[in-house]
**Q** 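This is the structure, below, for whatever I ask next.
Protein chains get the first letters and strands the later ones, always in sequence-line order, with residue 1 at the start of each. Below, all heavy atoms of this structure are taken into account, side chains as well, without hydrogens, waters or symmetry copies.
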Amino acid sequence: MARTVWDSTVGKKTVMAVSGLVMLLYLIAHMIGNLKIFFGTEEFNHYAHWLRTVGEPFMHYEWTLWLIRVVLVVAVVAHATAAYQLSRRDLRARPSRYVHKKPRASYATRTMRWGGVILGLFIVWHLLDLTTGTVHSGGFESGKPYQNVVDTFSTWYGNAVYIVAMLALGLHIRHGFWSAAQTLGAGSRSRDRALKAVANVLALLLTAGFIAVPVGVMTGVVS
Amino acid sequence: MKLTLRVWRQKNADAEGAMSTYEVDGISPDMSFLEMLDTLNEELILKGEDPVAFDHDCREGICGACSLVINGDAHGPERTTTCQLHMRSFRDGDTIDIEPWRAAAFPVVKDLVVDRSAFDRIIQAGGYITAPTGAAPEAHATPVPKPDADFAFEHAECIGCGACVAACPNGAAMLFTSAKVNHLNVLPQGAPERETRVLDMVAQMDAEGFGGCTLAGECATACPKGIPLMSITNMNKEWLRATRKAGKR
């Protein structure tokens with residue numbers, strides 16, 4: 001059955017839909033967690049520490065966190081691989097363009113591929129910046145995420161990269177959430193408006209929620 | 001009406017094609033788009049030139065033979081087939097671009113004619129029922145709920161013209177395939193092959209080199225018969241159901 005799913009365009013889209021929804025669930029949790037930065041150093045750093053102790057004593061220190069990381073890596077790899085293979089196929093299926101060109105589909109729909117590439121690159125930078133500290137501006141201190149976040153958003157490029165990526169995320173979710181519903185066969189004529197509304201609300205809330213942090217640092221609310 | 005036409009001319013499948021410009025005069029707004037092309041071809045023949053090849057048959061919007069991407073739209077600016085498009089949709093002095101359906105699975109045969117036999121092979125893969133039908137059965141023998149009958153009929157309207165593929169940025173045949181799958185899968189007559197139909201037709205669709213669906217929605221906008229985008233959603237549902245059932249066996 002796994003073979004049938006992966007070899008079919010419809011099946012590969014299913015993989016994209018499921019992995020996309022997994023990442024979406026994570027992003028909702030991530031965005032809510034980020035907002036704790038507005039309640040001060042102590043609360044934010046304590047929250048970050050708690051993430052490592054979730055599930056104790058059943059789970060060992062950081063086990064839950066690593067479990068989530070593994071699930072996310074699998075989701076990202078599955079999503080990107082399927083997207084790459086489907087895109088290659090789509091481009092091959094339409095080798096010659098029309099001479100008479102017309103603007104097609106919505107902006108969110110047209111930017112799914114490049115938006116996805118931008119998000120992929122952003123994730124790499126984001127992890128090197130705030131998880132490993134490899135490309136962090138200023139001294140990265142593990143266990144002191146509040147100061148690390150303030151450092152990142154004290155540089156113009158830190159803000160620029162982050163905000164552009166979050167706008168791309170909003171567009172990606174806007175078309176992606178609704179599409180996932182169609183791919184999984186959950187859409188219907190009576191549910192269509194509701195699904196589109198949920199997609200828009202999710203896109204807006206996540207983008208606004210994430211961008212609130214750099215804006216907070218820039219305006220001095222977080223320092 | 002006086003018009004400037006820019007038409008895709010291509011000698012055969014292997015030749016390089018290009019847009020050629022023609023002037024046509026004396027076009028009545030009441031002519032259909034195909035009659036306008038007939039006028040052009042008569043002039044070309046009188047001049048000893050090769051007439052423009054294009055597909056057409058019933059000319060009443062029910063056979064699915066006519067095609068043409070007109071000014072970037074499959075079947076032109078109105079939501080109908082090219083044969084039912086009339087010149088009153090254009091203005092005197094307009095320049096009109098006429099191109100063939102574009103998709104790897106629909107290779108150009110000549111000028112504006114493309115080979116749509118990939119659709120036939122998708123139908124052969126499962127777009128039929130195996131129940132012996134014989135003469136028309138007694139109408140009450142197999143009751144079909146009214147909503148199911150309406151659903152089946154909506155999808156049965158598909159004439160297989162290929163406008164969905166032509167309009168799709170990925171050259172996907174999802175709307176065509178879903179129309180055929182949904183039409184038969186909802187009816188009791190189509191029930192015995194419900195699972196194999198969707199699996200085999202989707203597999204054939206992929207084998208023909210059509211692209212995947214990104215739900216851009218261009219297909220449903222172009223469809224002259226108004227097959228809805230939700231048709232694809234429903235086929236996805238049928239495909240997932242059939243895959244789960246096949247996995248249990």
Side-chain angles (χ1 to χ4, degrees), chain A residues 1-14 16-18 82-83 85-113 116 175-192 195-196 199, chain B residues 6 8 17-19 69-74 96-100 102-105 108 165-174 177 198-199 202-203 205-206 208-218 221 228-230 232-244 246-249:
Chain A
M1 191 167 109
R3 201 65 257 178
T4 328
V5 170
W6 189 250
D7 285 346
S8 165
T9 52
V10 177
K12 226 165 247 179
K13 283 279 294 188
T14 312
M16 288 196 70
V18 173
Q85 293 183 357
L86 284 169
S87 297
R88 283 287 302 270
R89 184 192 174 87
D90 294 348
L91 295 174
R92 269 204 310 273
R94 185 68 178 281
S96 29
R97 288 157 181 268
Y98 289 110
V99 174
H100 191 110
K101 290 186 183 68
K102 282 205 145 182
R104 293 289 177 195
S106 73
Y107 189 73
T109 311
R110 280 184 283 133
T111 51
M112 285 307 271
R113 286 182 189 135
H175 182 69
F177 177 79
W178 177 81
S179 292
Q182 310 311 317
T183 303
L184 297 174
S188 73
R189 224 166 291 189
S190 52
R191 234 176 283 162
D192 202 46
L195 279 170
K196 281 201 170 118
Chain B
R6 298 204 304 158
W8 183 262
M19 298 295 271
V69 170
I70 301 159
N71 284 343
D73 289 318
I96 306 174
D97 290 335
I98 310 169
E99 298 173 73
R102 290 288 186 202
V108 173
V165 176
C168 177
N170 310 321
M174 288 286 278
T177 311
V198 62
L199 293 177
V202 167
M205 176 187 86
D206 286 347
E208 295 292 345
F210 289 106
C213 180
T214 49
L215 288 152
E218 298 297 337
T221 308
L229 190 59
M230 285 297 144
I232 292 175
T233 309
N234 202 68
M235 178 170 78
N236 289 335
K237 193 153 104 190
E238 287 290 313
W239 189 88
L240 288 170
R241 179 185 170 277
T243 306
R244 278 197 305 272
K248 275 182 204 152
R249 242 179 265 135

**Q** What residue in A/T4, A/V99, A/L184, A/D192 has the most heavy-atom pairs under 4.5 Å with chain B?
**A**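 Among the listed options, the one with the most contacts to chain B is A/V99.
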**Q** Determine the option with the most heavy-atom pairs under 4.5 angstrom with chain A, choosing from B/A105, B/P169, B/A167.
**A**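 Ranked by heavy-atom pairs under 4.5 Å with chain A, first place is B/P169.
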**Q** Tell me, side chain or backbone of B/M205 under 4.5 Å from chain A's heavy atoms, or both, or neither?
**A**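 For B/M205, the contact with chain A is made by backbone and side chain together.
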**Q** For chain B, which candidate among A/D90, A/T183, A/L91 shows the most heavy-atom pairs at distances under 4.5 Å?
**A**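 Among the listed options, the one with the most contacts to chain B is A/D90.
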**Q** Heavy-atom cut-off 4.5 Å, strictly under: side chain, backbone, both or neither for B/P100 against chain A?
**A**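 When you check distances to chain A, only backbone atoms of B/P100 fall under 4.5 Å.
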**Q** Do you know which of B/A172, B/C168, B/G217 has the most heavy-atom pairs under 4.5 Å to chain A?
**A**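 Looking at each option in turn, the highest pair count goes to B/C168.
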**Q** Between B/A203 and chain A, which part of the residue has a heavy atom less than 4.5 Å away: side chain, backbone, both or neither?
**A**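 The answer is neither part of B/A203.
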**Q** Tell me, side chain or backbone of A/S8 under 4.5 Å from chain B's heavy atoms, or both, or neither?
**A**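 For A/S8, heavy atoms of backbone and side chain both lie under 4.5 Å from chain B.
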**Q** List in chain and number order the residues that pass side-chain contact (heavy atoms from CB on, under 4.5 Å) with B/K237, two or more places apart in sequence or in another chain; answer none if no residue qualifies.
**A**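 B/K237 satisfies side-chain contact (heavy atoms from CB on, under 4.5 Å) with B/N234 once adjacent residues are dropped.
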**Q** With a 4.5 angstrom heavy-atom cut-off, which part of A/A186 approaches chain B: side chain, backbone, both or neither?
**A**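 Just its backbone gets close to chain B.
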**Q** For the interface with chain A, which of B/V165, B/V69, B/V202 has the highest count of heavy-atom pairs at distances below 4.5 Å?
**A**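 Max contact count across the listed options: B/V69.
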**Q** Taking only residues two or more places apart in sequence, or in another chain, which ones meet A/S87 in a side-chain hydrogen bond (donor to acceptor under 3.5 Å, both in side chains)?
**A**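 Listed in chain order: A/R113.
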**Q** For each of A/R189, A/K12, A/R89, A/R88, tally heavy-atom pairs with chain B at distances under 4.5 Å, and name the one with the top tally.
**A**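 The option with the most such pairs is A/R89.
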**Q** Could you tell me which portion of A/R110 (side chain, backbone, both or neither) has an atom closer than 4.5 angstrom to a non-hydrogen atom of chain B?
**A**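 Neither; nothing under 4.5 Å.
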**Q** Give, as side chain, backbone, both or neither, the part of A/T109 having an atom under 4.5 angstrom from any heavy atom of chain B.
**A**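 The answer is the side chain of A/T109.
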**Q** Non-hydrogen atoms of chain B under 4.5 Å away: do they reach the side chain of A/R92, the backbone, both or neither?
**A**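 Just the backbone, heavy atoms under 4.5 Å.
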**Q** With a distance cut-off below 6.0 Å to the six-membered ring centre and an angular limit of 45° from the axis, does B/R102 pair with B/W8 as a cation-pi contact?
**A**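 The answer is yes; both the distance and angle limits are met.
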**Q** I'd like to know which of B/E208, B/M230, B/E99, B/M19 tops the heavy-atom pair count under 4.5 Å against chain A.
**A**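 Greatest number of close heavy-atom pairs with chain A: B/E99.
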**Q** Is it the side chain or the backbone of A/K13 that comes within 4.5 Å of chain B heavy atoms, both, or neither?
**A**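 The answer is the side chain of A/K13.
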**Q** What part of A/S106 is in contact with chain B, defined as an atom under 4.5 angstrom from a non-hydrogen atom: side chain, backbone, both or neither?
**A**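 Contact with chain B: none, neither part.
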